[in-house]
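Accompanying notes for the structure given below.
Counting convention: from 1, in listed order, for ligands and their atoms alike.
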Amino acid sequence: VVERPASVVKELVENCFDAGATQVMVDVEQGGARLIKIRDNGCGIDKEDLPLALSRHATSKINSLQDLEQVATMGFRGEALPSISSVSRLSLISRREGVSCAWRVQADGSEEDLDPQPDPHPLGTTLEVCDLFYNTPARRKFLKSAKTEFGHIETLLKRMALSRFDVAFELKHNQREIFNFKIADTQEQQEQRIAHIFGSAFLDNSVLIDFSASGMRLHGWVGLPTFSRSQQDMQYFYVNGRLIKDRLVTHAIKQAYQDVLFHGRHSVYVLYLELDPSLVDVNAHPQKLEVRFREGRTVHDFLFKALHRSLADVRPQTQVSEPVAESEA
Ligand code: ADP
Ligand code: MG
């Protein structure tokens, strides 16, 4: 749904991933209402495909403001770019490998300017979304302050950054750099990225786990019971690379922490569950981030056991974390 600037960013960054990009740069102005600019180094789009990428909801379909409001609310259904272009002034610039130059198309609602023009853009794609909802006043009115809207974008991008350590991410707001994550191949680099997002205290107070059983793998960082929070703001759980929020998962984790956490406190974790994609439906409720596991109880048991064991392993000694390596040397 083109609900707010962050939902635009989500669709566009997913397109960058789809294009095999290893670098994603996001420039935002005024919380995204003024500008959302996303550049990647992915495979690019052929010149002749550029107009097509934008024009599925072409003007013939949209005759009134009311239609536009509908486009904005009904969701993308695999038509992110046309939906976004119908509620913004959008330009798309792309260069494919082996092609002599990049090409640009623009769509400001008139749809008359889809004739590609040459552009000096390097390999990859840039999408510029200007003046979001300029033609849908009802939607525009629902936007919160620039600070709030940008906050949503920042949170979203951090979550995405933790799902793809093999991609570099850069975020700017009003020309100010917010973060710049390099590709993180090693554990050390990955922990640097995590420390940037959650603060280094998270890493000082968590353990790296890696568990496999029943065809599933659970790995990532789980906080020690002594490092709990009053809010659930440091709980990131990914299923096959996709951030989810699921009752079954939350319940299994809660249960594993039950005996070691004070009442009303919340555990912290960044966890990745990998399992056969046919055993999970990630599109059950895309907006709510819910998933549906085919064998829910097996997943629940696996998560509980993996975490329960990890916590049991660390509980006795790790109240004080000494650097072990030094004394052994
Ligand atoms: P979908 O992603 O569901 O195919 P979109 O509207 O998001 O629909 O994108 C339309 C098409 O435009 C994509 O299928 C892809 O071919 C192309 N495209 C969009 N963004 C990019 C990008 N960053 N890099 C390469 N191709 C892109
Ligand atoms: Mg898409």
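Contact atoms of ligand 1 toward Ala53: 12 (O) (distance under 4.0 Å to a heavy atom of the residue). In the vicinity of Pro82, heavy-atom distances shorter than 4.0 Å reach the ligand 1 atoms 6 (O). Counting the atoms of ligand 1 from 1 in the order shown, those under 4.0 Å from a heavy atom of Ala19 are 24 (N), 25 (C). Below 4.0 Å from some heavy atom of Asp40 lie the following atoms of ligand 1, by number and element: 22 (C), 23 (N), 24 (N).
Under 3.5 Å, the side chains of Thr126 and His121 contain a donor-acceptor pair of N or O atoms.
The closest heavy-atom contact to atom 20 (N) of ligand 1, among the options Leu12, Leu50, Asn15, Asp46, comes from Asn15.
Within the 4.0 Å heavy-atom shell around ligand 1 one does not find Gly42.
Ring planes of His196 and Phe181: perpendicular class, angle over 60° (limits at 30 and 60°).
By the criterion of a heavy-atom distance under 4.0 Å, both the backbone and the side chain of Leu81 are placed next to ligand 1.
Between Leu132 and Val8, the closest side-chain pair of non-hydrogen atoms falls below 4.5 Å.
Phe169 and Met25 fall into different hydrophobic clusters, where Ile, Leu, Val, Met, Phe, Trp and Tyr residues are linked whenever their side-chain heavy atoms come under 4.5 Å apart, directly or through other members.
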Name the atoms and distances for all side-chain donor-acceptor pairs under 3.5 Å in residues 298-306, with sequence neighbours left out.
residue: His300; atom: NE2; partner: His251; partner atom: ND1; Å: 2.8

Please tabulate, one pair per line, all N/O donor-acceptor pairs under 3.5 Å involving side-chain atoms of residues 143-163, not counting sequence neighbours.
residue: Ser145; atom: OG; partner: Thr148; partner atom: N; Å: 3.2
residue: Ser145; atom: OG; partner: Thr148; partner atom: OG1; Å: 3.0
residue: Glu149; atom: OE1; partner: Arg4; partner atom: NE; Å: 3.0
residue: Glu149; atom: OE2; partner: Arg4; partner atom: NH2; Å: 3.0
residue: Glu149; atom: OE2; partner: Lys144; partner atom: N; Å: 2.8
residue: Glu154; atom: OE2; partner: Lys158; partner atom: NZ; Å: 3.1
residue: Thr155; atom: OG1; partner: Gly151; partner atom: O; Å: 3.0
residue: Ser163; atom: OG; partner: Met160; partner atom: O; Å: 2.7

